[in-house]
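Everything below concerns the one structure shown next.
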Amino acid sequence: MQPMKLLYIIPSLFRTSPNYIVLRLLEGMLQHGHSCEIWYFDDGPDGLDFPCEARRISLFKVPDFSDYDIVHTYGMRPNLYVFLYKPFGSRHRPHFVATNHSYIFEEFRSLYGLLKGTVLSHIFLTALRRHDLLILLSHDAISYYGRWIDSRKMACCYNGVRPAEEGMEDADLSVIARFKAGGILLGDICFLDTIKCVGTIISALRFLPDRYRLLLVGEGDDEALLKRQAAEEVPGRVLFLGPRRHGAAYLAPIDIFVQSASSEGFCLSMTEAALAGKRIVSSDIPGMREKYAEDEVVYYRPEGSPEDRARRLAEAVLKAGADETIGPKAQAKAREAFSVDRMISRHIELYEQLV
């Protein structure tokens with residue numbers, strides 16, 4: 001196969017989970033001899049440094065796609081960009097690919113409310129109609145999107161992760177050690193927004209002995225609300241560390257990783273936790289069991305009242321703490337199924353099928 005010229009279009013250079021995936025993917029494509037470019041809409045401080053040409057673009061300026069074999073988009077604006085400017089009547093070069101990392105109605109309704117979220121979800125789906133291929137992060141997601149998109153235009157590719165390559169910031173080491181104080185540390189690394197349901201983890205501490213503490217790495221719209229909840233329900237037992245440049249490094253002091261979201265496309269931080277051999281508790285949501293079996297992760301049902309959810313999560317935490325086998329089993333699964341090399345190989349396979 002001849003080297004391909006690949007263009008990746010992303011919303012911004014910010015340090016988001018999808019952008020880290022694009023970075024790993026792009027690094028792999030370069031190693032395989034393909035040429036790559038990045039186009040993006042938003043700039044900002046401390047953005048990711050991609051090892052190729054990166055060009056800022058505008059949604060209102062007509063692009064020239066003719067030099068590329070594959071144009072691969074991530075997110076609403078990049079998808080709209082292709083919908084608006086993909087040449088009509090083009091059957092060959094380039095081919096247009098999109099990756100979606102979420103269940104769109106659940107995500108947008110959580111972010112924007114029922115009415116606005118529903119309208120934006122339909123706009124999102126419309127923007128995908130001119131793409132040649134939609135890559136999704138589970139077979140369950142293919143079934144979900146099959147209500148609106150031809151299944152022949154969809155394919156599954158799991159994300160790939162690597163072990164943490166950086167350590168924690170020096171100032172955080174003593175802070176976390178003092179907070180943990182020889183106890184059992186639960187942890188989550190995520191955006192603190194509604195769909196992540198972090199409040200359930202905080203409430204679960206009420207049903208656990210005092211030696212159980214919670215470390216949260218990240219920021220988001222619900223941060224102030226969650227801090228008030230923690231102060232009222234479990235004072236002194238939750239450490240809000242804020243965002244950190246190398247989030248995966250903060251898995252090191254965590255004993256049990258907790259994923260409490262009501263909807264997730266993949267959950268990169270959970271897979272990083274699995275790769276690190278951590279015991280994991282996860283909400284039993286669509287697509288998750290496809291990735292991890294019951295003997296690899298302890299699941300809890302996220303239905304019912306907030307009190308019921310918190311109680312079931314606490315029970316799952318105690319179960320995970322008593323099972324020494326789930327961490328190594330989840331680690332073996334992550335190494336086998338969710339490696340960066342496997343992700344890159346799958347993308348090359350899908351690209352070559354189009355080209």
Side-chain angles (χ1 to χ4, degrees), residues 15 17 46 161-193 196-261 267-282 297-298 300 310-311 313-324 326-328 330-331:
R15 293 177 178 273
S17 293
D46 195 34
V161 298
R162 291 177 180 166
E165 298 173 348
E166 304 286 343
M168 294 188 292
E169 296 178 18
D170 292 340
D172 292 332
L173 294 172
S174 59
V175 171
I176 295 172
R178 286 195 303 270
F179 174 73
K180 186 174 181 179
I184 297 173
L185 190 61
L186 313 182
D188 196 2
I189 302 168
C190 66
F191 287 109
L192 303 178
D193 54 17
K196 299 299 184 183
C197 300
V198 173
T200 304
I201 314 177
I202 295 172
S203 293
L205 291 174
R206 295 187 289 114
F207 303 104
L208 293 166
D210 185 66
R211 68 180 183 277
Y212 285 80
R213 306 295 172 91
L214 173 61
L215 171 65
L216 295 172
V217 180
E219 62 182 347
D221 292 340
D222 284 2
E223 184 173 354
L225 178 65
L226 293 169
K227 285 181 175 179
R228 287 196 298 271
Q229 178 189 352
E232 293 170 2
E233 294 185 9
V234 285
R237 296 177 64 188
V238 183
L239 176 59
F240 291 84
L241 201 61
R244 290 297 184 266
R245 187 168 185 174
H246 304 290
Y250 290 81
L251 291 165
I254 292 172
D255 298 299
I256 301 173
F257 183 88
V258 183
Q259 189 288 116
S260 56
C267 192
L268 202 64
S269 60
M270 176 172 161
T271 306
E272 290 170 335
L275 191 62
K278 300 297 177 178
R279 304 179 198 196
I280 297 172
V281 168
S282 173
V297 165
V298 177
Y300 74 94
R311 193 181 297 273
L313 195 159
E315 292 170 354
V317 166
L318 293 173
K319 182 178 178 181
D323 190 341
E324 296 180 356
I326 59 172
Q331 185 178 54

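Just so we're clear, the structure is a prediction, and the values are computed from it rather than from any experiment.
Partners of R228 by salt bridge (charged side-chain N to carboxylate O under 4.0 Å, His left out), not counting sequence neighbours: none found. Applying the side chain to side chain contact (heavy atoms under 4.5 Å, CB included) test to E324 and every residue at least two apart in sequence or in another chain returns R279. The side chain to side chain donor-acceptor pair (under 3.5 Å) test applied to R311 returns no partner, not counting sequence neighbours. Partners of P235 by side chain to side chain contact (heavy atoms under 4.5 Å, CB included), not counting sequence neighbours: none found. In this view, Y300 satisfies the side chain to side chain donor-acceptor pair (under 3.5 Å) rule with no residue, not counting sequence neighbours. With sequence neighbours excluded, the residues satisfying side chain to side chain contact (heavy atoms under 4.5 Å, CB included) with R162 are R24, E27, E165, V340. With sequence neighbours excluded, the residues forming a side chain to side chain contact (heavy atoms under 4.5 Å, CB included) with A164 are A248, listed by chain and number. When the salt bridge (charged side-chain N to carboxylate O under 4.0 Å, His left out) test is applied to D46, the partners found at least two apart in sequence or on another chain are R15, R245.
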> Passes side chain to side chain contact (heavy atoms under 4.5 Å, CB included), L208 versus L186? Steps please.
Replying inline: CA-CA 11 Å; L208 293 166; L186 313 182; 4.2 Å; yes
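The line from OH of Y212 to CD1 of I184 is 3.5 Å long, rounded to the nearest 0.5 Å. L215 CG to I201 CD1: the interatomic distance, rounded to the nearest 0.5 Å, is 10.5 Å. Distance check, rounded to the nearest 0.5 Å: CD1 of I326 to CD of Q331 gives 12.5 Å. Rounding to the nearest 0.5 Å gives a distance of 12.5 Å between CG of L268 and SG of C190. Rounded to the nearest 0.5 Å, atoms NE2 (H246) and CD (E169) are 8.0 Å apart.
Under the 3.5 Å distance criterion, the side-chain polar atoms of S269 are matched with a main-chain donor or acceptor of I189. Between the side chain of Q229 and the backbone N or O of G199, at least one donor-acceptor pair lies under 3.5 Å.
Closest non-hydrogen pair, G218 versus L192, comes out as O-CD1, 3.7 Å. Considering every non-hydrogen atom in both S260 and D188, the closest pair reads OG-OD2, 4.4 Å. For A330 against A274, the heavy-atom pair with the smallest separation is O-CB, 3.7 Å. Closest heavy-atom contact between A320 and V281: CB-CG2, 3.8 Å. Closest heavy-atom contact between A310 and A204: O-CB, 3.4 Å. Of all non-hydrogen atoms in R237 and F179, the two that sit nearest each other are O-CZ, 3.3 Å.
For the side-chain contact (heavy atoms from CB on, under 4.5 Å) with L214, the lone residue among L205, V234, L239 that qualifies is L205.
At least one side-chain heavy atom of L241 sits under 4.5 Å from a side-chain heavy atom of I176.
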Please output the side-chain donor-acceptor pairs of residues 251-259 that fall under 3.5 Å, not counting sequence neighbours, one pair per line with the distance.
| residue | atom | partner | partner atom | Å |
| --- | --- | --- | --- | --- |
| D255 | OD1 | K180 | NZ | 3.4 |
| D255 | OD2 | K180 | NZ | 3.2 |
| D255 | OD2 | L185 | N | 2.7 |
| Q259 | OE1 | A261 | N | 2.7 |
| Q259 | NE2 | S282 | OG | 3.0 |
| Q259 | NE2 | S283 | OG | 3.3 |

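Sorted by first and then second residue, the salt bridge (charged side-chain N to carboxylate O under 4.0 Å, His left out) pairs with a member in residues 213-225 read D210-R213, E223-K227; sequence neighbours excluded. Applying the salt bridge (charged side-chain N to carboxylate O under 4.0 Å, His left out) test to pairs two or more places apart or on separate chains, those with a residue in residues 196-207 are K196-E264, R206-E233, R206-E307.
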